[in-house]
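On a predicted model such as this, the values are computed, not experimentally measured, just so you know.
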Amino acid sequence: LVGALGRGAFDAASRFGRKVLGDHVPKVDEQLKKLVQSAVSQSLSLAIEQLATRAAHPKSQAEIRSRVATSTRRLFRLPTEAALEPLLALPLEAIAAVVSAVLRHNLARPEIRRVVVDELRLFVDALGDRPVGDWLGDRRAAFARDLRELLGPLFAGFFASADYASWLAEASKRTPTIATDGNPSDSS
């Protein structure tokens, strides 16, 4: 009952306020929104500043270093499969996005590009005359499946894109036709 009376009183006051303020309600509403946004922004800035101050404290830095060292020691003792298990649980798209970003970052560095080229040359020297299927061995079928799963959606997306449809329409206009004399001619 008290809640209903309170809501009723608030609604009546609100209606009365709108009648009194008239055209000023949107202005007041906008100013109130700006004040709230400013307060939230200042609160976040203050919180971030306090976190930065705490993190810069020597005691906090020592604690962070200690936790990183402990975590690193635990990671080094983990079997590789256990360490990579969380990564393998991620969707392939998420892994591909991270891997491509890391590759772009690393390949932008000249020393990394040199190492990659050197490794590729060593690979070609060692396996260059063997068919790809030989060095895949019994992983052939799994590799083919993985390749289909990775490239299938990429190609499907490409072939369904507006850019491909536009290119295909343009290319079909230029398709050579056979003239009555038997020589190909351009239809454009």
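- Nearest approach of Ala108 to Arg113, heavy atoms of both residues: O-NH1, 3.2 Å.
- We find the CZ-CG distance between Arg148 and Leu150 to be 12.0 Å, quoted to the nearest 0.5 Å.
- To the nearest 0.5 Å, atoms OG (Ser100) and NE2 (His105) are separated by 13.0 Å.
- Formation of a donor-acceptor pair under 3.5 Å by the Ser166 side chain with backbone atoms of Ala162 is not found in this model.
- In this structure, Leu151 CG and Glu149 CD are separated by 11.0 Å, a value rounded to the nearest 0.5 Å.
- To the nearest 0.5 Å, the span separating CG on Asp125 from CG on Leu120 amounts to 11.0 Å.
- Summarising the local packing, CZ of Arg67 is surrounded by 12 or fewer heavy atoms from other residues, nucleotides or ligands at distances under 6.0 Å.
- A continuous path of hydrophobic side-chain contacts links Leu154 to Leu147 [ILVMFWY only; heavy atoms under 4.5 Å].
- Residues Leu90 and Leu103 fall within the same hydrophobic cluster, defined by Ile, Leu, Val, Met, Phe, Trp and Tyr side chains chained together at heavy-atom separations under 4.5 Å.
- Taking both residues in full, the closest heavy atoms of Leu75 and Ala83 are given as CD1-CB, 4.0 Å, listed atom of the first, atom of the second, then distance.
- In this structure a side-chain-to-backbone donor-acceptor pair under 3.5 Å is present from Thr70 to Ser66.
- One N or O on the side chain of Thr72 and one on the backbone of Val68 form a donor-acceptor pair closer than 3.5 Å.
- Put simply, Phe143 and Phe123 are part of the same group of oily side chains (I, L, V, M, F, W, Y) that touch within less than 4.5 Å, one to the next.
- The minimum heavy-atom distance linking Ile95 with Leu87 is given by the pair CD1-O, 3.3 Å.
- The closest side-chain heavy-atom distance from Val117 to Arg121 is below 4.5 Å.
- Salt bridge absent: Glu63 and Lys59 never bring a charged side-chain N and a carboxylate O closer than 4.0 Å.
- The CG atom of Leu136 lies 9.5 Å from the CZ atom of Arg130; values are rounded to the nearest 0.5 Å.
- Taking CG from Asp134 and CZ from Arg140, the interatomic distance works out to 6.5 Å, rounded to the nearest 0.5 Å.
- Nearest heavy atoms, Asp146 versus Arg139: OD2-NH2, 4.0 Å.
- Put simply, the side chain of Ser161 gets close to the backbone of Phe158: a donor and an acceptor are under 3.5 Å apart.
- Enclosure of atom CD in Glu111 by more than 12 non-hydrogen atoms of other residues, nucleotides or ligands within 6.0 angstrom is indicated.
- Two different hydrophobic clusters hold Leu107 and Val102 under the rule that ILVMFWY side chains link at heavy-atom gaps under 4.5 Å.
- For Phe159, the CZ atom is densely surrounded, since the number of other residues' heavy atoms within 6.0 Å is greater than 12.
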